[in-house]
There are 2 protein chains.
Amino acid sequence: MQNADLSIKKDDIDLFENLTDSEFLELKDLFHYKKYKKGAFIIAENDMVKHVYFIRSGLVKLSYFDDDNKEFILSFAQENWWETDFPAFYNQTKSSLTLQCIEDTETYGLSFDDYTAILDKHSLSKYFLEKSIKGHIANQNRILSLLKHKPKEQYEQFLQLYPSLLQRIPKSVLCLYLGISRETLSRLYKTR
Amino acid sequence: MQNADLSIKKDDIDLFENLTDSEFLELKDLFHYKKYKKGAFIIAENDMVKHVYFIRSGLVKLSYFDDDNKEFILSFAQENWWETDFPAFYNQTKSSLTLQCIEDTETYGLSFDDYTAILDKHSLSKYFLEKSIKGHIANQNRILSLLKHKPKEQYEQFLQLYPSLLQRIPKSVLCLYLGISRETLSRLYKTR
DNA sequence: ATGGACGTGTGACCGAAATCACTTTCTTAG
DNA sequence: CTAAGAAAGTGATTTCGGTCACACGTCCAT
């Protein structure tokens, strides 16, 4: 009924938190709402990657598929994270990764052109820098965990860092993120 | 003889490229030059991490040592990269990582306070964002490589991405980055 | 020049985790 | 409610890469 229900609100994206009302009004129309069903692809392989996506609700996985179609999960992204195939997004080329929903997911897409256009405004680059640093730290933890290649420790680190995600991600998917086989993962949490 | 030789120049750090002369003059004294010998620690374990370091010349490694004092290398940083123990830097706490020189290295240190103070000036946050995104993409490539855990592929990817580094890094150090043993690494490039 | 530290190559052995094959349990759509 | 498919558990087997042990070469520093 009310159009207001469909339009973006100031508290839909944490990016808007520090903006004045007029700054918010200036930017709000650049963020395009879209809803995806569980299993749907936000980015499919070889898509042109025109947007970076803010996850408003739900859970997605960013994956690479090798020549044998074996899947490797680069990251999970949940509420309040920005995700996309960054190499493809930045170079405006076709994706070599896929972004697929593990749950029903709501996103706000921001196009590359709009992204670059607004970066200089209202300390948005500072906002994205903070997000990026957080991601960098998370990635370093992940790398360290992978370097040790002790399945048990990896599982336990994941358990410790993201306890809530454990319930939302099937074990058969988690193992693609941890880099261990489904079977070893299955054997892990019973022998203890 | 000449003081000028000791003071920072505009082309010492790519950060200054897009600044006017007056903007440069305003900032230049915040960057503290320091020279390290090969093997020296820029950050030792449990140091307070007060600075982020711009590598002007040389090569460093960012490492974690586990309880058995086994070393894992999170990243190499060479010319024109910024490096530090980011979790410790951002929280201004003691480092759990070490930053050690593989070669004689020249750095410009920027303190946390100065860093936060100048972020809002002259689109510096945009500069750091770009650096951060590049790091993010590099990290994702690394993660993917580690997930596959095929020593051969990992070595070849490193070879492809950083051919010049291969000559500068001892094999016994490279293996700590690739997450494979010195012996398997040694056997790799002969069987082909 | 020589001895020690360091980096590297190589063989033998072993074990942890991948793979394969199958069963059981849990979901979900009709 | 039930059938079909997805997810998860489990045993048997194999294999890749780690560990151990030792040899060899090179580069400084005394």
B/Leu147 CG to C/dA17 C1': how many Å, rounded?
16 Å

Nearest whole angstrom, please: distance from the C1' of C/dA18 to the NZ of B/Lys148.
18 Å

Could you state whether A/Tyr33 and A/Val52 fall into the same hydrophobic cluster, counting links through intermediate Ile, Leu, Val, Met, Phe, Trp or Tyr residues with side-chain heavy atoms under 4.5 angstrom apart?
yes

Distance from A/Ile143 atom CD1 to B/Leu74 atom CG, nearest 0.5 Å?
6.5 Å

Using a strict 4.0 Å threshold on nitrogen-to-oxygen distance, state whether A/Asp104 and A/Lys35 make a salt bridge.
no

Check this one for me: any side-chain N or O of A/Lys38 less than 4.0 Å away from OP1 or OP2 of C/dT28?
yes

Below 4.0 Å: OP1/OP2 of D/dA8 and any side-chain N or O of A/Ser172:
yes

Tell me the interatomic distance from B/Leu176, atom CG, to C/dC6, atom P, rounded to whole angstroms.
15 Å

I need the CD-P distance between A/Gln167 and D/dA7, as an integer number of Å.
17 Å

Whole-Å distance separating the CG atom of A/Leu188 from the C1' atom of D/dA8
14 Å

Any salt bridge between B/Lys126 and A/Asp120, counting N to O under 4.0 Å?
yes

D/dG9 OP1/OP2 closer than 4.0 Å to side-chain N/O of A/Tyr189
yes

Could you check, using the six-membered ring where one of them is a Trp, whether B/Phe31 and B/Phe16 have ring centers closer than 6.0 angstrom?
yes

Decide whether a cation-pi geometry holds between B/Lys171 and B/Tyr189; the criteria are a distance under 6.0 Å from NZ or CZ to the six-membered ring centre and an angle within 45° of the ring axis.
yes

Is it true that B/Tyr108 and B/Tyr115 fall in one hydrophobic cluster, defined by side-chain heavy atoms closer than 4.5 Å?
yes

Distance-only side-chain donor-acceptor flag, B/Ser95 / B/Glu45, under 3.5 Å:
no

Rounding to an integer number of Å, can you tell me how far A/Leu174 CG sits from D/dG9 P?
12 Å

Without decimals, in angstroms, what is the distance between A/Lys171 NZ and C/dC26 C1'?
13 Å

Can you build the contact string for nucleotides 13-30 of chain D? Use B for base contact, S for sugar-phosphate-only contact, and - for no protein heavy atom under 4.0 Å.
----SSBBB---------

Distance-only donor-acceptor hits, side chain of residues 55-64 of chain A, under 3.5 Å, sequence neighbours excluded:
{"unit_1": "A/Arg56", "atom_1": "NH2", "unit_2": "A/Asp12", "atom_2": "OD1", "d": "2.9"}
{"unit_1": "A/Ser57", "atom_1": "OG", "unit_2": "A/Glu106", "atom_2": "OE1", "d": "2.8"}
{"unit_1": "A/Lys61", "atom_1": "NZ", "unit_2": "A/Glu71", "atom_2": "OE2", "d": "2.8"}
{"unit_1": "A/Lys61", "atom_1": "NZ", "unit_2": "A/Gln100", "atom_2": "OE1", "d": "2.8"}
{"unit_1": "A/Ser63", "atom_1": "OG", "unit_2": "A/Glu71", "atom_2": "OE2", "d": "2.7"}

For atom CG of A/Leu178 and atom P of D/dA8, their distance in whole Å:
13 Å

Enter the inter-axis angle for the ends of the helix from C/dA1-D/dT30 to C/dG30-D/dC1 (five pairs per end, rounded to 10°).
50°

